[in-house]
Amino acid sequence: SEGVDAPQSTKQIQSARYRHNSRRNKNEHLSANVADEVLAVVGMVSHDDYVQNVMITKKGVMIVLYCEEQIMDLKSALKCQSMLAIDKTYNLGKWFVSSFTYKSVKVEVKETRENPIMVGPILLHDDSSFKTYHNFFSIVKSVIGSDQNIDELGMIIGEDLILGSENYCHQT
């Protein structure tokens, strides 16, 4: 029976080798677990301008993404009384994606003459607890508030989570 199962031609040998290598590659890919993925992202903090912060807690992992150009535009928008809103995308694969959005005062859509909605700092996370969002808000608030022209940010937490300038909060 051993002779019956053995490949009989060069084509069968090549096919068997291909199937074997495909299975091995698939198994190697599956062995890359969450820890390997997180470790790869932690390494990005030192050399990637977009990956700003990785926090690992007992409850989960949070990754904060933004670039300096986004922060500069966001500061300009907040100085002009723009609102900063948060949007959570539920279960984008294994992770949740939450992003700040705001209207950019530096850009205007020709047809509507309105400022477009822009994406601000982004949070990738696998835990949606209050503490996770608090950490994210604290990071963003410290980055935005590091400019002397923005002394305080007020936060309104209701049906929607909104951050705005101190003046905006007093107007509502």
Side-chain angles (χ1 to χ4, degrees), residues 24-107 109 115-166 168-169 172:
R24 189 178 69 207
N25 289 342
K26 186 183 280 188
N27 290 338
E28 286 173 4
H29 176 70
L30 293 175
S31 70
N33 60 22
V34 175
D36 294 333
E37 293 170 358
V38 171
L39 190 58
V41 174
V42 168
M44 291 177 174
V45 173
S46 64
H47 66 274
D48 190 301
D49 292 337
Y50 198 59
V51 180
Q52 299 294 329
N53 187 302
V54 177
M55 187 178 294
I56 303 167
T57 67
K58 289 183 180 184
K59 283 198 160 207
V61 177
M62 61 178 275
I63 303 163
V64 178
L65 308 168
Y66 62 83
C67 64
E68 288 305 315
E69 291 82 16
Q70 279 178 309
I71 298 301
M72 298 303 290
D73 191 40
L74 181 55
K75 285 180 180 182
S76 296
L78 291 175
K79 287 178 189 176
C80 295
Q81 308 301 315
S82 182
M83 284 191 297
L84 180 59
I86 185 123
D87 177 42
K88 178 180 176 186
T89 302
Y90 291 88
N91 264 350
L92 189 61
K94 179 182 174 357
W95 297 90
F96 297 102
V97 179
S98 299
S99 62
F100 279 110
T101 56
Y102 62 96
K103 286 195 172 193
S104 176
V105 294
K106 293 182 177 181
V107 181
V109 177
N115 303 107
I117 296 175
M118 305 295 278
V119 175
I122 295 172
L123 172 66
L124 301 176
H125 53 107
D126 59 356
D127 170 44
S128 293
S129 68
F130 173 82
K131 195 169 188 172
T132 297
Y133 279 100
H134 182 269
N135 288 332
F136 179 47
F137 293 160
S138 296
I139 291 166
V140 172
K141 188 174 180 178
S142 70
V143 171
I144 294 170
S146 64
D147 186 353
Q148 278 81 357
N149 295 330
I150 299 176
D151 295 327
E152 291 185 33
L153 287 175
M155 185 181 292
I156 301 170
I157 301 177
E159 290 180 18
D160 297 316
L161 299 176
I162 302 171
L163 279 173
S165 69
E166 182 72 3
Y168 174 79
C169 291
T172 57

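Partners of Ser104 by side-chain hydrogen bond (donor to acceptor under 3.5 Å, both in side chains), not counting sequence neighbours, listed by chain and number: Asp73. In this structure Ser128 satisfies the side-chain hydrogen bond (donor to acceptor under 3.5 Å, both in side chains) test together with Lys88, sequence neighbours excluded. Every residue meeting the side chain to side chain contact (heavy atoms under 4.5 Å, CB included) condition with Met55, not counting sequence neighbours, appears here in chain and number order: Asn53, Thr57, Met62, Asn135.
With hydrogens and angles disregarded, a donor-acceptor distance shorter than 3.5 Å links the side chain of Asn115 to the backbone of Val107.
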Exercise answer: donor-acceptor pairs, residues 41-50 side-chain atoms, under 3.5 Å, sequence neighbours excluded:
from: Ser46; atom 1: OG; to: Gly43; atom 2: O; distance (Å): 3.2
from: His47; atom 1: ND1; to: Gly43; atom 2: O; distance (Å): 3.0
from: Asp48; atom 1: OD1; to: Tyr50; atom 2: N; distance (Å): 2.7
from: Asp48; atom 1: OD1; to: Val51; atom 2: N; distance (Å): 3.4

With a cut-off of 3.5 Å and sequence neighbours excluded, list every side-chain donor-acceptor pair involving residues 63-71.
from: Gln70; atom 1: OE1; to: Cys67; atom 2: N; distance (Å): 3.0
from: Gln70; atom 1: NE2; to: Val119; atom 2: O; distance (Å): 3.0
from: Gln70; atom 1: NE2; to: Gly120; atom 2: O; distance (Å): 3.3

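Considering CG of Leu74 and CD1 of Ile144, their distance stands at 4.0 Å, rounded to 0.5 Å. Between the CD1 atom of Ile139 and the CG atom of Leu123 there is a distance of 8.0 Å, given to the nearest 0.5 Å. Going from atom CZ of Phe96 over to atom CG of Asp126 covers 8.0 Å, rounded to the nearest 0.5 Å.
With a 4.5 Å cut-off on side-chain heavy atoms, Thr132 and Ser98 do not count as touching.
Aromatic pair Phe137/Phe130: ring centres not closer than 6.0 Å.
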Next on the checklist: Please evaluate residues Trp95 and Val61 with respect to the criterion side-chain contact (heavy atoms from CB on, under 4.5 Å), reporting the C-alpha separation (whole Å), side-chain torsions for both, the decisive distance (0.1 Å), and the verdict.
Outcome noted: CA-CA 9 Å; Trp95 297 90; Val61 177; 3.8 Å; yes

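Residue-environment remark: CD1 (Ile56) exceeds the threshold of 12 foreign heavy atoms within 6.0 Å.
His125 and Tyr133 have perpendicular rings, their planes meeting at more than 60° on a 0 to 90° scale where under 30° would count as parallel.
Across every non-hydrogen atom of Ala77 and Tyr102, the tightest pair is CB-CD1, 3.7 Å.
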